[in-house]
Amino acid sequence: GLVVAAYRRHFEVELAGGERIECVVKGRALKIAAGDRVAIRRVAGGGAIESIAPRTTLIYRSDAFKEKLLAANVTQIAGVVAPDLSLDEELINRWMIAAEASACRFVLFANKADLPGFAALRARLAPIAALGYPVVEFAARSDIAPVLPWLADRHTVLVGQSGMGKSTLINALLPDADVRTTEISDSLRTGRHTTTSTTLYPLPALPGDAWIVDSPGMKGFGLAHLDPDGVAHAFVELRPLLGHCRFRDCHHDREPGCAVTAAVDAGKVAPHRV
C-alpha cells in the first residue's frame, strides 16, 4: 500500500483497492514517510508495516541531533510563500538546496497575489526567479488555476512557514480535505496536535498519477545530512564554476584563483548565496 498519513509511529496506508488501514511499525528500525510504498500484515485493529519498497527520493530535514522525514518518492518540492514580514528567505534557499540535492524540481508558489503588499513580495522573490526557478503567483482563496499545471504528473511535497496558505491551497484543490484530515486525526492522533503530521492527498482531477503531501509549518530546515560537496553542487549558479579554481580543495573563501569569488566580484553570483 501507499502511506497517506504519518504521525510518529502511527500511519494510514491505502491499499491498491482503495481500502485504508491504520498501521503501526513492526520494530523500531523502519522510518516511514508519507509517500512510501510499504508491505503490511493485517493484525487485530489494523495493520503492521513490515518493509519499505526502494525509494526514488526521500525529503527530510536534519540537524546535529535529529531528523524529520517529510515525504518519500516525490518528484517536486513546492515552497509556499506569501506577503508577510516574517517570511524567511533563508528557508527558501534551503528548500532549493534540498530539491537540487534530491534531483527534484523546485517551484515557488507565491500565494495571496490579491493583497496590496504582493508587489513587495514579487521584488523579494526576483533573485530566485533570476536563478531559473519558477515563481507561480496565485490566490488560494479565489483562483488556484495558475498552480494546477505545476502539480500535474508530479508527486509534490508542500513546504512553508505557518500562515502562508498551504492548507488553504489543499482545501481549494480538494474541498473534502478538511473532513479527511479530521477523520485521520480522530483515528490516529486522538488528543494530539494534528499540525505535527504529514498527509498525502491524491489529485485524481489532474493528469498522471499526481499527489501532494501537506507538511507541517516549519521555522527551520536543517541540511546536516548533506555532505559539503553535495551542498556546493546543489547551487545551480555555482555548479558550472566548481572544479575551475586554482586549488582543488578550494573553500571559495579567500583562496587566490577562486572561480567562485571571481564570479561574485564580477556580479554574476550573489554574495549571500556563497
Next item on the list: Grab the two heavy atoms, one from Leu200 and one from Val3, that are nearest each other, plus how far apart they are.
Entry: CD1-O, 3.9 Å
Margin query: Are Val159 and Ile170 linked, directly or through intermediate hydrophobic residues, by side-chain heavy-atom contacts shorter than 4.5 Å (ILVMFWY only)?
Written below: yes
Note to self: Do Ile21 and Val38 sit in one hydrophobic cluster, given that two such residues count as connected whenever their side-chain heavy atoms are within less than 4.5 Å of each other, even indirectly?
What the structure shows: yes
Next item on the list: Spell out, yes or no, whether Tyr7 and Leu69 are grouped together once hydrophobic residues are joined by side-chain heavy atoms under 4.5 Å, including indirect joins.
Entry: no
Next item on the list: Check whether Val4 and Leu58 end up in the same hydrophobic cluster, where Ile, Leu, Val, Met, Phe, Trp and Tyr are linked by side-chain heavy atoms less than 4.5 Å apart.
Entry: no
Item checked: 4.5 Å side-chain heavy-atom contact, Leu174 and Leu203 -> yes
Note to self: Rounded to the nearest 0.5 Å, what separates atom OG1 in Thr168 from atom CD1 in Ile144?
What the structure shows: 11.0 Å
Next item on the list: Kindly state each residue pair satisfying ring pair (Phe, Tyr, Trp, His ring centres under 6.0 Å) with at least one member in residues 225-274, sequence neighbours excluded.
Entry: Tyr60-His225
Next item on the list: State the CZ-CG distance between Arg154 and Leu151, to the nearest 0.5 angstrom.
Entry: 10.5 Å
Note to self: Using every non-hydrogen atom in the two residues, find where Arg55 and Asn73 come nearest and quote the distance to one decimal.
What the structure shows: CA-OD1, 3.2 Å
Please list every donor-acceptor pair under 3.5 Å in which a side-chain atom of residues 130-138 meets a protein atom from a residue at least two apart or in another chain.
residue, atom, partner, partner atom, Å
Tyr133, OH, Glu100, OE2, 2.8
Glu137, OE1, Arg122, NH2, 3.0
Glu137, OE2, Arg122, NE, 2.8

Notebook entry, point to check: What is the minimum heavy-atom distance between Leu70 and Met218, and which atoms define it?
Noted result: CD1-CE, 4.3 Å
Next item on the list: For Asp214, enumerate each residue passing the salt bridge (Lys or Arg N to Asp or Glu O under 4.0 Å) test, keeping only those at least two apart in sequence or located in another chain.
Entry: none
Check: Would you say the side chain of Thr75 lies within less than 4.5 Å of the side chain of Thr57, judging by non-hydrogen atoms?
Finding: no
Item checked: Leu2 to Gly35 - nearest heavy-atom pair and separation -> CD1-O, 3.6 Å
Next item on the list: Check step by step if side-chain contact (heavy atoms from CB on, under 4.5 Å) holds for Leu173 and Leu148.
Entry: CA-CA 9 Å; Leu173 289 166; Leu148 298 181; 3.5 Å; yes
Checklist line | Point-to-point distance, once rounded to the nearest 0.5 Å, from CD of Glu12 to CZ of Arg20 | finding: 5.0 Å
Check: Could you go step by step and tell me if Ile92 and Ile128 meet the side-chain contact (heavy atoms from CB on, under 4.5 Å) rule?
Finding: CA-CA 9 Å; Ile92 301 175; Ile128 295 168; 3.3 Å; yes
Margin query: For Ser215, is there any backbone N or O sitting under 3.5 Å from a side-chain donor or acceptor partner on Thr198?
Written below: no
Check: Which distance, rounded to the nearest 0.5 Å, do you find between the CZ of Arg9 and the CD1 of Ile49?
Finding: 9.0 Å
Note to self: Would you say Val43 ends up clustered with Leu15 if hydrophobic residues are merged whenever their side chains have heavy atoms under 4.5 Å apart, either directly or through other cluster members?
What the structure shows: no
Notebook entry, point to check: Once you round to the nearest 0.5 Å, how far does CH2 of Trp95 lie from CZ of Phe106?
Noted result: 6.5 Å
Next item on the list: Could you pull out the closest heavy-atom pair between Gly208 and Asp153, with the gap in Å?
Entry: CA-OD1, 3.0 Å
Let me have the donor-acceptor pairs involving side chains of residues 107-117, under 3.5 Å, with sequence neighbours excluded, atom names and distances please.
residue, atom, partner, partner atom, Å
Asn111, OD1, Ala140, N, 2.9
Asn111, ND2, Met164, O, 3.0
Lys112, NZ, Gly163, O, 3.1

Checklist line | CD on Glu50 to CG on Leu30, rounded to 0.5 Å | finding: 9.5 Å
Note to self: For Arg61, give me all partners under side-chain hydrogen bond (donor to acceptor under 3.5 Å, both in side chains), at least two apart in sequence or on another chain.
What the structure shows: none
Margin query: If you count heavy atoms of other groups shown closer than 6.0 angstrom to CZ of Arg141, is the number above 12?
Written below: no
Next item on the list: Only pairs at least two apart or in different chains count here, so list each ring pair (Phe, Tyr, Trp, His ring centres under 6.0 Å) that has a residue in residues 143-176.
Entry: His155-Trp211
Notebook entry, point to check: Do Leu241 and Val269 touch side chain to side chain, with heavy atoms closer than 4.5 Å?
Noted result: yes
Margin query: Quick one: does any side-chain atom of Arg124 pair with a main-chain N or O of Leu87 as donor and acceptor, under 3.5 Å?
Written below: yes
Next item on the list: State, to 0.1 Å, how close Gly222 and Arg94 come at their nearest heavy-atom pair, and which atoms those are.
Entry: CA-NH1, 3.9 Å
